[in-house]
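Quick note on labels: first sequence line is chain A, next is B, and so on, each numbered from 1.
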Protein chains: 2
Amino acid sequence: MVKRKRTTPLSDEHVEPGHCSSELRARILSDVPYFKGLAAPALDAVNHYFRAFNYAAGAALHHENEPAEALFLVAHGTVKLLQYSASGEEVLLDLLGQSDLFGGLTMLGQRCYPQNAFAQTPCCVLVITITDFRYLLRTYSEVALNVLDAVARDLEAAQATIRAISTLPVEARIARVLVRLADRLGEADDGGILIQSPLSHQDLAAMEATTSETVSRVISGLRRSGDIETGRQWIRIRNRTNLARLAGEI
Amino acid sequence: MVKRKRTTPLSDEHVEPGHCSSELRARILSDVPYFKGLAAPALDAVNHYFRAFNYAAGAALHHENEPAEALFLVAHGTVKLLQYSASGEEVLLDLLGQSDLFGGLTMLGQRCYPQNAFAQTPCCVLVITITDFRYLLRTYSEVALNVLDAVARDLEAAQATIRAISTLPVEARIARVLVRLADRLGEADDGGILIQSPLSHQDLAAMEATTSETVSRVISGLRRSGDIETGRQWIRIRNRTNLARLAGEI
DNA sequence: CGCTATTTTGAGGGCAGTCAAGCTCCGTGG
DNA sequence: CCACGGAGCTTGACTGCCCTCAAAATAGCG
């Protein structure tokens, strides 16, 4: 057994203050699927409207029920999107990584942010005002189609989560979330996929409508059967196939 | 107590075969929020690409995992959007009414429908191919923005459902779904809001991750406390405020 | 090298699901 | 018109999954 002593993954990754300069911003933006295929002048216009901000781990980017003024695009790092229940429990709606869009997406009327966003790791986020974003969408119809597509995909994902929470037992739901995280944020690694993100059992619980104690029990079971290895705030998937089967994804 | 003898609401509503003629189609389309404010010629173009279809109650409009070729817009009646779990239980994701859009929303790559759609009442649906729809979005940027907005709102609704299922006890979830249905599909009525839709307890159960027996128990409780009146396949909300409070919406 | 957050494990209880039976309404056909 | 059948609804008893509460063990940080 590989006894891997690990500090939290954060410590390796530093976002230097000047990291998101204009040139780097342009490079990042040109890699973002929404803007892919845009001609150079259009890309310059897009670049012009975005501002880059760095956030420390744990910093709040926006809160539920505040008037939505901006739209955010993750350039580097990961962001937690969550809501709170009346009694204060967290519900983790999504973990966002590179190129994901969030914030004030519904733009008609003076709407509010529908969730709370926190930097999970130190991160660099590109920000645009809703007004400017609307202008971009109106001007570059390619972009509008791409963004629509992304939001529709998020909707599908949310509905898949509803189905999972509605019909699957806890063990299956946790297997499911591990597979999704491995695919979205994981990194290939000797003999497995390392989920490179400071995820506590509390976070996993908040993603799949359960409690940290239950997550711990299920995770222990998966570790015993050799499908995963775990430590504090990290998990390595050793047998993705097995997890996917447990999750009911055949 | 008003003993209201009621046949299923369907019997009053008939969609005649030729109901969705070109002129009527134009009238309906001009009322659809997505196309509101479009100039007459643009509206004509939009009208040109849609075809109208009538469906009998229970008819299937499209199935999960079939290649998505079309996009649907409800002109009249209601449509059930649902998924099945591995063991065959239904999960009712949404009930769609007038002007709601569904079907092949994610358009990049050759995608499949993410859910199953059935006519809940006899209904008239306007259908457009994805290719034509993309053309419209590209040409009329207003439309693209409106559609994006609608999808983003659906995403918010789905996330609100996730929160509800994750954190609220059954009674609150059922109160919640009643309030939502009253607001979306209800009709003002002597001393209440009548939910005019052939909804079984089974359907309500499938919307909020519970069982028809439990729905029955909760509904009975609400009836005893005078907040609602019920019969076979219909419910009248008498005290919306009370239900909203139960649902944790203060 | 203690301190704190995270994880683990155990015991117990409760909410809601399951199974089962009876009831009610409504459409249908004799 | 009435009897019948079946779908939908109601109610009860029991069960079990998972949450809750509690406490100990572990890991990483200052």
Just how far, in rounded Å, is [atom2] of [N] from [atom1] of [X]?
X: A/Leu204; N: D/dC18; atom1: CG; atom2: P; value: 16 Å
X: B/Ile165; N: C/dG17; atom1: CD1; atom2: P; value: 11 Å
X: A/Glu171; N: D/dC19; atom1: CD; atom2: P; value: 14 Å
X: A/Ile174; N: D/dC17; atom1: CD1; atom2: C1'; value: 13 Å

In 5'-to-3' order, the base (B), backbone-only (S) or no-contact (-) status of each nucleotide in nucleotides 9-16 of chain D, using a 4.0 angstrom heavy-atom cut-off, is SBBBB---

Answer yes or no: is there a donor N or O on one side and an acceptor on the other, between the side chain of [X] and the main chain of [Y], under 3.5 Å?
X: A/Tyr113; Y: A/Ala70; result: yes
X: A/Arg173; Y: A/Ala209; result: yes
X: A/Thr121; Y: A/Gly77; result: no

* **Atom pair CE (A/Met207) and CG (A/Asp203), whose distance is rounded to the nearest 0.5 Å** =>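 A/Met207 CE to A/Asp203 CG: 8.5 Å, rounded to 0.5 Å.
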
Notebook entry, point to check: Looking only at heavy atoms, what is the nearest atom pair of B/Gln83 and A/Gln159, with distance?
Noted result: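 Where B/Gln83 meets A/Gln159 most closely, the heavy atoms are OE1-O, 3.7 Å.
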
Contact class for A/Ala205 (heavy atom, under 4.0 Å): base, sugar-phosphate, or nothing?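 Nothing, no nucleic acid heavy atom in range.
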
| message | Any carboxylate oxygen within less than 4.0 angstrom of a Lys/Arg side-chain nitrogen, looking at A/Asp227 and A/Arg245? | response |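 Salt bridge: no.
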
